[in-house]
Number of protein chains: 2
Amino acid sequence: MSLPHALLGLLAVQPRSGYELTKEFEAGDLGRYAWQAGHTSIYPELNRMAGDGLVEVVQEGARGRRTYAVTPAGRSELRSWLLEPPSDTGRVRDVQVLRMFLLSALDPADAVVVLRRIAAATAAEAAELRRIRAENGPPVGIGPAGFGLLAAEFGLRQYEAVNGWALWAIEQLEPAEQPVG
Amino acid sequence: MSLPHALLGLLAVQPRSGYELTKEFEAGDLGRYAWQAGHTSIYPELNRMAGDGLVEVVQEGARGRRTYAVTPAGRSELRSWLLEPPSDTGRVRDVQVLRMFLLSALDPADAVVVLRRIAAATAAEAAELRRIRAENGPPVGIGPAGFGLLAAEFGLRQYEAVNGWALWAIEQLEPAEQPVG
DNA sequence: GAGCGCATGTAATATGTTACATGATTCA
DNA sequence: TGAATCATGTAACATATTACATGCGCTC
């Protein structure tokens, strides 16, 4: 269960309310590439973590808004979780990757259709990330400002890799698709 | 919920028992990179799918062993699931990727420790996959024999991408780690 | 003052994991 | 005949998703 660590990580960047954390999971890079959660998981978890002393309410605003920040205990917990050996119970579960693996079960013609879609989608995503990177200029430092640079670069390389794989796979399959040259 | 589709995909390659499917998820490429499940999920799901006519028992062996195969209805279901537009409810949840995103929350020195570990691990995995690919020779065709080739290539490119990213990230962080050149 | 978005929560349902449980078969 | 592995299952628990629910505050 990594939700508390994801929350600690986001709060370590800057204090936030449950509502803002929810938005971050919905729209941010972390929610897109790494971990997802809805508000119905986040609110109870924040209360639990506050009870455990990992986070604390640092501000109360309008409409019952409570801004949380990481406590020293929370920071320590996050650090040891990140530094501890992978101890991997690693349950991978990625629908997109599953689809890619199962392509072999399709006729080559069908598989190529899907692969072309993957190639187009990943190329578009990669182009978008390249545009964002160019706009922001070369990275001059990575700090508590956010995951932006590391995340963007990671996403870019990931998309490029999948794109290259899809193009390669299409080449492998096309001879079978068009045996009559 | 993609477990039934993962099962359909594995059974489309060849009929198998619940026990064998469990082993495949434990040790196979699909279980490693794409989707995981334990026997306590698999057995009830197979029974449900048999009730729905997606799979059928084609053989009964010793110790109550039941070998399942995909029915035409199951094949049709798998195909339309693979061809349908991504309709992305895509709930990404990858602990390793989460760790990578949260690195920014660490001191640069700590982050570099973790990144070096990632770089070493991904380099080793990539080397292993390259070795396997070299042993099996160039791919001459992809058929119902399995996910082997597509999977190995996908894994290799994935590991190379993460490796490249980790090395890049180390370079970004090291000036901060050693400000006194 | 009406509507929208902010902000938090509970309850019911689905799903997945861990622990528990059973019995058959093979091999030493 | 004893141990290991095959082979399947149920029950209890933890977790996640969906639906339901409430009320404040801002803006038009």
Side-chain angles (χ1 to χ4, degrees), chain A residues 1-8 10-11 15-28 30-31 34-52 55-69 87-95 98, chain B residues 1-8 10-11 15-28 30-31 34-52 55-69 87-95 98:
Chain A
M1 216 259 297
S2 308
L3 175 57
H5 299 111
L7 294 174
L8 286 174
L10 286 168
L11 293 177
R16 278 179 248 235
S17 68
Y19 189 83
E20 289 170 311
L21 288 164
T22 303
K23 293 293 169 197
E24 186 61 31
F25 278 113
E26 264 172 34
L30 190 137
W35 207 263
Q36 261 185 330
H39 79 278
T40 55
S41 309
I42 293 168
Y43 288 120
E45 187 63 39
L46 284 173
N47 285 325
R48 203 203 54 113
M49 289 164 75
D52 292 353
V55 298
E56 61 184 344
V57 177
V58 290
Q59 200 189 355
E60 308 217 8
R63 277 165 278 180
R65 175 200 187 92
R66 267 164 291 149
T67 303
Y68 290 87
S87 78
D88 196 9
T89 40
R91 29 314 190 85
V92 177
R93 235 163 228 162
D94 190 314
V95 180
L98 178 61
Chain B
M1 217 258 299
S2 307
L3 175 57
H5 298 112
L7 295 175
L8 286 174
L10 286 169
L11 293 176
R16 275 180 250 234
S17 68
Y19 189 83
E20 289 170 313
L21 288 165
T22 303
K23 294 291 169 195
E24 186 61 31
F25 277 112
E26 265 171 33
L30 190 136
W35 206 261
Q36 261 185 331
H39 80 278
T40 56
S41 308
I42 293 170
Y43 288 119
E45 188 62 38
L46 283 173
N47 285 326
R48 204 202 56 111
M49 290 164 76
D52 292 355
V55 297
E56 61 184 344
V57 176
V58 290
Q59 200 190 353
E60 309 216 6
R63 277 165 278 183
R65 174 199 186 93
R66 266 164 292 150
T67 303
Y68 290 87
S87 76
D88 196 10
T89 39
R91 31 311 192 83
V92 178
R93 237 164 228 162
D94 190 315
V95 179
L98 177 61

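What's counted below: heavy atoms across the whole structure, side chains too, no hydrogens, waters or symmetry copies. We name chains A, B, ... by the order of the sequence lines, and we start the count at 1 in each one.
Atom CD in B/Gln36 sits roughly 16 Å away from atom C1' in C/dT15 (whole-Å rounding). Per the geometry, CD1 belonging to A/Ile42 stands 16 Å off C1' belonging to C/dT10, to the nearest Å. Atom P of nucleotide C/dT17 and atom CD of B/Glu45 are separated by 13 Å, given to the nearest angstrom. Atom C1' of nucleotide D/dC6 and atom CG of B/Leu21 are separated by 15 Å, given to the nearest angstrom. Rounded to whole Å, atom P of C/dT25 lies 13 Å from atom CD of B/Glu60. Between A/Phe25 atom CZ and C/dT8 atom P there is a gap of 14 Å when expressed in whole angstrom units. Rounding to whole angstrom units, NZ of residue B/Lys23 and P of D/dA7 are separated by 9 Å. Across the protein-nucleic acid pair, A/Leu7 atom CG and D/dT15 atom P stand 14 Å apart, rounded to whole Å.
How far CD of B/Glu60 is from OG of B/Ser17: 12.0 Å, rounded to the nearest 0.5 Å. Taking CD1 of B/Ile42 as the reference point, atom CG of B/Asn47 lies at 12.0 Å (rounded to 0.5 Å). Taking OH from B/Tyr68 and CG from B/Leu10, the interatomic distance works out to 14.5 Å, rounded to the nearest 0.5 Å. Here the CH2-CG distance, from A/Trp35 to A/Leu30, works out to 10.0 Å after rounding to the nearest 0.5 Å. Atom NE2 in B/His39 sits 13.0 Å away from atom CG in B/Leu21 (nearest 0.5 Å).
The side chain of B/Arg48 contributes no N or O atom lying less than 4.0 Å from OP1 or OP2 of C/dA14. A close approach under 4.0 Å does not occur between any side-chain nitrogen or oxygen of A/Asn47 and OP1 or OP2 of C/dT8. The shortest distance between the side-chain N/O atoms of B/Arg93 and the OP1/OP2 oxygens of D/dT17 is below 4.0 Å. Put simply, B/Arg66 has a side-chain N or O that comes within less than 4.0 Å of OP1 or OP2 on D/dG9. Between B/Tyr43 and the phosphate of D/dG9, there is no side-chain N or O to OP1/OP2 separation shorter than 4.0 Å. Residue A/Tyr19 places at least one side-chain N or O closer than 4.0 Å to OP1 or OP2 of C/dC6.
By the 4.0 Å N-to-carboxylate-O rule, B/Glu20 lies too far from B/Lys23 to be salt-bridged with it. The existence of a salt bridge linking B/Arg16 and B/Glu24 is confirmed by a sub-4.0 Å separation between a basic side-chain nitrogen and an acidic carboxylate oxygen.
With hydrogens and angles left out, the side chain of A/Ser41 and the base of D/dT15 share no donor-acceptor pair within 3.5 Å.
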- request: Could you run through nucleotides 23-28 of chain D and give me one letter per nucleotide, 5' to 3': B if any protein heavy atom sits under 4.0 Å from the base, S if only the sugar-phosphate is that close, - if neither?
  value: BBS---
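Checking side-chain atoms of B/Tyr19 against main-chain N and O of B/Arg66 turns up no donor-acceptor pair under 3.5 Å. A donor-acceptor contact shorter than 3.5 Å links the side chain of B/Thr22 to the backbone of B/Gly18. No side-chain donor-acceptor contact under 3.5 Å links A/Ser2 to the backbone of A/His5.
The side chain of B/Thr40 lies closest to C/dT17 when the candidates are D/dT17, C/dT17, C/dT8.
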Below 3.5 Å between N/O atoms, which protein atoms pair up with nucleotides 1-3 of chain C? Just atom names and distances, please.
none

